[in-house]
> 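Before I ask anything, here is the structure I am working with.
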Amino acid sequence: LVAPVLEEKSLARDVILPKGNWIDYWSGEKMAGGRDIKHTYPDNRAGLLFVREGAIIPFQKDMQFIGEKPLDTLIVKVYPKDITSYTMYEDDGESYEYEKGAIAATRFECKKSDKQIEFIVHPVQGAYKGMYKSRTYELEIESANRPTLVKINNTPVSDWTYGEDKKVRVILHQKDVLSKATCVIL
């Protein structure tokens, strides 16, 4: 949910948050929806940005121009709640072949329980010319508690971090986009 600055020199804005639990993207502050709130604009931002709990948001790496960096690595920010999913659609980005069905769909799924968080990258459905055969995901998964164990594709790993922002950061390699890849946080 985006709430841009509407008036010059304005310091805050009234926002109607729909039902559900929301997170201020810039500060990490959590708040209940289904109500009106007055929220202060963060410094150096053009407005407010709220993420609904349960969201899965893929990002590209920052680029100065299209094609500067390959899209074989994506950042995925995950805000776990129960069982949620998101499907990312891609095409070659150059032609009109998508009109003929040349697209790929990747479904991300997150399952949160009292004991663990499981993030799944399902096999890609469909294809397009130039599609990556493998992909790397830089995961940022919100977790109220520091994990005791993180597993990538059922193998315990030690190269993960847990920050003051209460996010687990770990790399998930999908060696073949036609196969499932998983991250489990315990």
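Reckoned from all heavy atoms, side chains included, excluding hydrogens, waters and symmetry mates.
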> A side-chain contact here means heavy atoms from C-beta on lying under 4.5 Å apart; do Asp159 and Ile171 qualify?
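No, too far: nothing below the 4.5 Å cut-off.
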
> Would you confirm whether Tyr162, through its side chain, and Ser143, through its main-chain N or O, come within 3.5 Å as a donor-acceptor pair?
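Yes, the answer is positive, given that a donor and an acceptor are paired below the 3.5 Å cut-off.
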
> In Å and rounded to the nearest 0.5 Å, what is the CE to OH distance from Met131 to Tyr128?
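These two atoms lie 6.5 Å from each other.
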
> To the nearest 0.5 Å, what is the distance between CD1 (Ile37) and CG (Asp24)?
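Taking CD1 in Ile37 and CG in Asp24, the distance rounds to 8.0 Å.
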
> Less than 4.5 Å apart, any side-chain heavy atom of Ile120 and any of Lys180?
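Answer yes - side chains close enough.
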
> Are Ile141 and Ile185 side-chain neighbours, meaning at least one heavy-atom pair lies under 4.5 Å?
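A side-chain contact exists here, since the closest heavy-atom pair is under 4.5 Å.
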
> With rounding to the nearest 0.5 angstrom, report the CD1 to CG distance, Ile103 to Asp91.
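One finds 8.0 Å between CD1 of Ile103 and CG of Asp91.
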
> Taking a hydrophobic cluster as the set of Ile, Leu, Val, Met, Phe, Trp and Tyr residues connected by side-chain heavy atoms closer than 4.5 Å, whether directly or through intermediates, do Val170 and Tyr79 fall within one such cluster?
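Cluster IDs for Val170 and Tyr79 differ.
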
> Using the test salt bridge (Lys or Arg N to Asp or Glu O under 4.0 Å), find all partners of Glu138 that sit at least two apart in sequence or belong to another chain.
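Scan of Glu138 (salt bridge (Lys or Arg N to Asp or Glu O under 4.0 Å), adjacent residues dropped) gives Lys61.
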
> Would Glu109 and Arg107 count as a salt bridge (Lys or Arg N to Asp or Glu O under 4.0 Å) if you check the C-alpha gap in whole Å, the side-chain angles of each, and the deciding distance to 0.1 Å?
CA-CA 7 Å; Glu109 183 177 18; Arg107 187 165 72 91; 3.7 Å; yes

> Crowded around Leu11 CG? As in, over 12 foreign heavy atoms under 6.0 Å?
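12 or below, so no.
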
> For Phe108 and Tyr137, what are the C-alpha separation, side-chain angles and deciding distance, and is it a ring-ring contact (aromatic ring centres under 6.0 Å, His included)?
CA-CA 11 Å; Phe108 303 111; Tyr137 298 96; 5.6 Å; yes

> May I ask you to check if Lys77 and Phe59 form a cation-pi contact, with NZ or CZ under 6.0 angstrom from the six-membered ring centre and within 45° of the axis?
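Flagged: Lys77 positioned over aromatic ring of Phe59.
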
> Distance check, rounded to the nearest 0.5 Å: Arg169 atom CZ versus Asp165 atom CG?
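If I round to the nearest 0.5 Å, the distance is 4.0 Å.
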
> State the CD1-CZ distance between Ile57 and Arg52, to the nearest 0.5 angstrom.
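It is 12.0 Å, given to the nearest 0.5 Å.
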
> Does Tyr98 have its ring centroid less than 6.0 Å away from the ring centroid of Tyr89?
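Between Tyr98 and Tyr89, the centre distance exceeds or equals 6.0 Å.
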
> Hey, what do you get for CD (Gln174) to CZ (Arg135), rounding to the nearest 0.5 Å?
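If we round to the nearest 0.5 Å, Gln174:CD and Arg135:CZ are 8.5 Å apart.
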
> Write down the atom of Gly47, the atom of Trp26, and the distance for their closest heavy-atom approach.
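Taking every non-hydrogen atom into account, O-NE1, 3.2 Å.
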
> Pair Glu142, Lys30 - check salt bridge (Lys or Arg N to Asp or Glu O under 4.0 Å), show working.
CA-CA 12 Å; Glu142 188 174 88; Lys30 294 182 180 186; 3.2 Å; yes

> If you look only at pairs with a residue in residues 27-52, which of them pass as a ring-ring contact (aromatic ring centres under 6.0 Å, His included), with sequence neighbours excluded?
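Residue pairs passing ring-ring contact (aromatic ring centres under 6.0 Å, His included), neighbours aside: His39-Phe50.
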
